[in-house]
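Here the structure comes first, spelled out in structure tokens, and everything after it is commentary.
Hydrogens, waters and symmetry mates play no part in the numbers below; they use all other heavy atoms, side chains included. The chains referred to below are lettered A, B, ... by the order of the sequence lines, with proteins before strands, and numbering in each begins at 1. The structure presented is a predicted model; accordingly, all values stated were derived computationally and were not measured.
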4 protein chains.
Amino acid sequence: MIDVGIIGATGYTGSELIRLLSSHENVRLKAVGARSATGAVSDLHKSLLGLTDAAFCDLAIENFTECDVVFLALPHGTSSQYAKSLVEAGVKVIDLGADFRLNDIEDYEKWYSADHVCKDWMPGTVYGLPELHRAEIQTSDLVANPGCFPTSIILGLAPLCKAKILDPALIVADSDSGLTGAGKNPNERAHFVNVNENVVAYNIGKHRHLPEIVQEVEGLLGADTELVFNPHLAPINRGILSTLTVKVKEPLTEDALEKLYHEFYDDEPFVRVRPRGEYAATKWVMGSNFCDLSLHLVSPTTVVICAAIDNIVKGASGQAVQNMNIMFGFPETQGLKQLPLCP
Amino acid sequence: MIDVGIIGATGYTGSELIRLLSSHENVRLKAVGARSATGAVSDLHKSLLGLTDAAFCDLAIENFTECDVVFLALPHGTSSQYAKSLVEAGVKVIDLGADFRLNDIEDYEKWYSADHVCKDWMPGTVYGLPELHRAEIQTSDLVANPGCFPTSIILGLAPLCKAKILDPALIVADSDSGLTGAGKNPNERAHFVNVNENVVAYNIGKHRHLPEIVQEVEGLLGADTELVFNPHLAPINRGILSTLTVKVKEPLTEDALEKLYHEFYDDEPFVRVRPRGEYAATKWVMGSNFCDLSLHLVSPTTVVICAAIDNIVKGASGQAVQNMNIMFGFPETQGLKQLPLCP
Amino acid sequence: MIDVGIIGATGYTGSELIRLLSSHENVRLKAVGARSATGAVSDLHKSLLGLTDAAFCDLAIENFTECDVVFLALPHGTSSQYAKSLVEAGVKVIDLGADFRLNDIEDYEKWYSADHVCKDWMPGTVYGLPELHRAEIQTSDLVANPGCFPTSIILGLAPLCKAKILDPALIVADSDSGLTGAGKNPNERAHFVNVNENVVAYNIGKHRHLPEIVQEVEGLLGADTELVFNPHLAPINRGILSTLTVKVKEPLTEDALEKLYHEFYDDEPFVRVRPRGEYAATKWVMGSNFCDLSLHLVSPTTVVICAAIDNIVKGASGQAVQNMNIMFGFPETQGLKQLPLCP
Amino acid sequence: MIDVGIIGATGYTGSELIRLLSSHENVRLKAVGARSATGAVSDLHKSLLGLTDAAFCDLAIENFTECDVVFLALPHGTSSQYAKSLVEAGVKVIDLGADFRLNDIEDYEKWYSADHVCKDWMPGTVYGLPELHRAEIQTSDLVANPGCFPTSIILGLAPLCKAKILDPALIVADSDSGLTGAGKNPNERAHFVNVNENVVAYNIGKHRHLPEIVQEVEGLLGADTELVFNPHLAPINRGILSTLTVKVKEPLTEDALEKLYHEFYDDEPFVRVRPRGEYAATKWVMGSNFCDLSLHLVSPTTVVICAAIDNIVKGASGQAVQNMNIMFGFPETQGLKQLPLCP
């Protein structure tokens, strides 16, 4: 049994962590920290009425130093200070923000238009995508939980990258995201009337998730790429569907393509390769930690992959719990056995 | 550990039973029966890929007679024959259909325009609303699981009925239901384009859930009532919100009203009375077995109650599992501890 | 050809006025006023790109005194000052806000928790529901355009009120509204994630539209009533469906009920009584100025009426244009001939 | 004033033709033909109650030979026989189906798995995209109205094709469509519960709209291309958003890119190039005949274009009316002046 803390528990990833951890047998939720909220957690997260007697504490570091692990769910730029203090106090940290995802600090500072406050303190952080970096996660004190879009896109491309057959000249990633990805604070973009009955792109060519996608894809492929990432908002609450169009350097058959993906993923507890003819759908993974992939061979050298996740489970809090399980030697699926809520 | 069967597992209540039972420690899913479907269950219920190796069997009665309990999820009129054979074979039955909900067979035959095939065989069936009939459920071999609308409406009215202060002259129940309540077979009413961006009533004055509502309300109240039930379809997947407007025979204060409901429900694991000022919302119960109630005193003798459930959990499969737990002496919340999926 | 102004043109009713007036042959849009917005109207209302060269002006009264009529689309409490100045300058006014809807100033001050700034200046205002007050509207200088919920509820009840057969003891009005009714400013209640996949009531017993409903219903009926109004938000953009449950003082047949409504409405250009067996649906009126009514006789003395409108057309801007047409002697349907956008 | 007929008026494009033509000053709706429906048109298209006294006639050719023009809204394979008979009788034809869109009959027979019944009778048909083929449309007796996806994609790519700077090596078209595009007949794919809260691709690499897209793009470009078309269903009623990712053969600036599109489209009444920084959205064109384009220069040689249309207006019935206007010398915007219904 370990003691767990959450710093920044007022948003969607915070309440989702509480939901998932509530069914985890080896975890005690010790400290639920919020900058602004006070009082009972269920006063804010109203679905939890009667289900938790947790109360918000403030973010003073001493509220969390007794924890074994702390999840940080903070805006970028604010995680670093907590991360450093906690790691130095012997607490493991899983950061759901962006501060430690990019290996190259200059990249970070360019894309996030901010100085990195921990420039001189860079521990052995690891990009927390278990399917790629499980071994490093096991021994890390500070795991940078991937972004939601990147999770779907990197998992969709990884087998082709690893096999070095992906043509790096042009990779197109079109993604539709549900609105939980746009955060809990009311704003014009997420106003119901603006979202409902609408499909619209945003931040084409400049979404902050792009550099971490490129970092991981190029890392696997061992080559520079041109990857175009076109994010969209779709009128759903949960879910990301990424449709990835790529060329491969040698002709493939459907059998060969499927074999590649099955070999890569069949031992993974949370990646499912859909049977031939099916299309990965956000509905089939909702509320679960699965990433569903479907493979579509358009020509012998043209592949389209659809990747579907629940953006606040495998795309955020669920993956964070998975990372925690790896870090502490728990069964990797513990607390993550909820079946998809479908329909 | 008991062996469980499902007869009629291709619909939404069938897949929901599988979802809920998958986390139940005392249950082994032994037989999953379908009239038309064959092959792997996950070929039909695609969210279950990799999560179950169950296969559909046909509905031959001998496929189910080794079970300890069987859930019937069949169209009305077809449950009776299975129920009789199973009970006579010593198998407990929970019928999610309508065949055994009405005490008065004439009522059944009038509202369902059909002869009741078990007219001459009427076992000690019980209307399976645990909050009202827990003791009888414990000892029953055949539980008639309530309809979705009735669950929300009866739970919303019960404390006022039991206290005999409800004015029977006019009770108005307006309900909005999500589309899972309209079944899985494609039809015009449930065609996306017809539902989306629409709110519409249906079956006013003639919905088949009306007689079971009246039976339970009048049973508690000990008086005849006029209850007007106005069902609507709202463009959501899961959830029923019932707004109940009633007069009471003696003036109430907010304190007195809340006391009445808290005394009635505070020991119930699945009914939550929302704090004053909140409005029960389908979102706060989605995916869970909760019925949330909010109380609104409009004048000293006029009360509005909002009751929210997930129609395929507390309104169907969750309540069925709750009934099973009671029948077998398991903890009543076993298999039903999933927190609401919110947002 | 008349010159028209709009004061407060940044919200949904403002853009809808522009949409409707654009097809009105006798109207020139002269002044489009906004408190905060400046520049081209189509910079704010982006669907209008290329369709208007109008620019926002500020709200200085002299920008509007040359108009023949001005629509006020302002928060309550702020219309009065503009109304007075404009009427005194000889400009006709149609106020889409609440400041002049209630005949009883004390009612206004109680429900809106505010002093009425024009208490001492009360011109011959009229409640601008053409089906009830057409003659007074024709000669009025200041028309108070009804609220959206009241439009649907009053039109649904009027024939029974006028015939004096409505039982005033208990009238229940349950309404579902789309989110355009909740305004354009981002706020928690209208945040996509909170609205989508949710149905929830609000302001039961205390919605500010209640007193105007009661005023008109009691005025027609000539008796005090108890009217319970239960407003809800449904996850749609446009549309209100009101389901009205009433008792009548003498037994009715379906024929008699339909005759009553047809006689009352058959000469009305914007009220449609649906054929027997149909249910009024928001989808069938979307984008149009229609109010659709369906009649459901539940018992000889119990009637349910469903009333559907587009809340920003017949419930706001369309009705305002209809009032303008009446005030200026134009054909009542001019500028309002758009067919419903269905599907 | 011309006489107009519709053959196949029971679907969404049929009712939309009626909606649009109702405001067209030079058109009399003479014959509304249906295979199965009989009786009043408004009995089927319920939003039209009271708005038309048209009745369905059967599809006997003599019901239509007195018309000046007939719109065919029929399943592929069935238009040809009507088209031939009508043209031979001197009636102009606008076919909203696929039978005459492809210049190469072998292409048709391959993609539609059917013999072309008019193989030996091929009149001077023209692909009815006015922005590309206005001159031929003017003189044609048989216009093949484009598919909905192709309209958005071809308009989005045309300026780059025409300028011969599009790199043909890989063009990726990702499209999200609303459900009206999937037709009016209930089916599993369009069942509300399957669509709502879901985003999913379908027919990747094998959608029947692909060959007409390729035909027009290659025609303009004068080169073979590899164009990958990834269609998706999004949970909205109306609208297509196509996101087009392309490489160009010489470096562009944002100014140069915008100039190219403005020069191509500024005289077009129904194509709007959004100001820099905006993203084309289905919401801004709903109910109108506009195609909105937004341009996003991701690198000097990488362009993303977003193209938004209402799939049953510019993607079907609106474009058909536009073609009719061109064929008969009416102002091109007649009957198409409805402003977008936004929000």
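Interface check for chain C: of the options B:Ile240, B:Asn203, B:Leu297, the most heavy-atom pairs under 4.5 Å are formed by B:Asn203. Ranked by non-hydrogen atom pairs under 4.5 Å with chain C, the options B:Pro235, B:Pro343, B:Gly205 are led by B:Pro235. Between chain B and the residues C:Ala201, C:Ala280, C:Gly239, the largest count of heavy-atom pairs under 4.5 Å involves C:Ala201. Counting heavy-atom pairs closer than 4.5 Å to chain C, the top-ranked of the candidates B:Lys206, B:His232, B:Met286, B:Arg238 is B:His232. If you tally non-hydrogen atom pairs under 4.5 Å between each of C:Val298, C:Asn196, C:Val172 and chain B, the highest count goes to C:Val172.
Atoms CD1 and OG1, on B:Ile171 and C:Thr245 in that order, are 12.5 Å from each other to the nearest 0.5 Å.
In this structure the side chain of C:Thr302 reaches within 4.5 angstrom of the side chain of B:Val228, judged on heavy atoms. Between C:Tyr279 and B:Ile204, some side-chain heavy-atom pair lies under the 4.5 Å cut-off. Side-chain atoms of C:Asn237 and B:Glu197, non-hydrogen and from C-beta on, do get closer than 4.5 Å to each other. In this structure, the side chains of B:Val199 and C:Ile236 come closer than 4.5 Å at one or more pairs of heavy atoms.
Other residues, nucleotides and ligands contribute more than 12 heavy atoms inside 6.0 Å of the NZ atom of B:Lys249. Atom NZ of B:Lys164 is surrounded by more than 12 heavy atoms from other residues, nucleotides or ligands within 6.0 Å.
A side-chain contact (heavy atoms from CB on, under 4.5 Å) with B:Thr243 is found for exactly one of C:Asp176, C:Thr243, C:Asn230, namely C:Asn230.
Contacts of B:Leu241 with chain C are made by side-chain atoms alone, with heavy-atom separations under 4.5 Å and no backbone atom involved. Neither the backbone nor the side chain of B:Ser294 comes within contact range of chain C; no heavy atoms are under 4.5 Å apart. Looking at B:Glu278, neither its backbone nor its side chain comes within 4.5 Å of chain C, counting heavy atoms on both sides.
Here the side chain of B:Lys283 pairs no donor or acceptor atom with the backbone of C:Val200 at under 3.5 angstrom.
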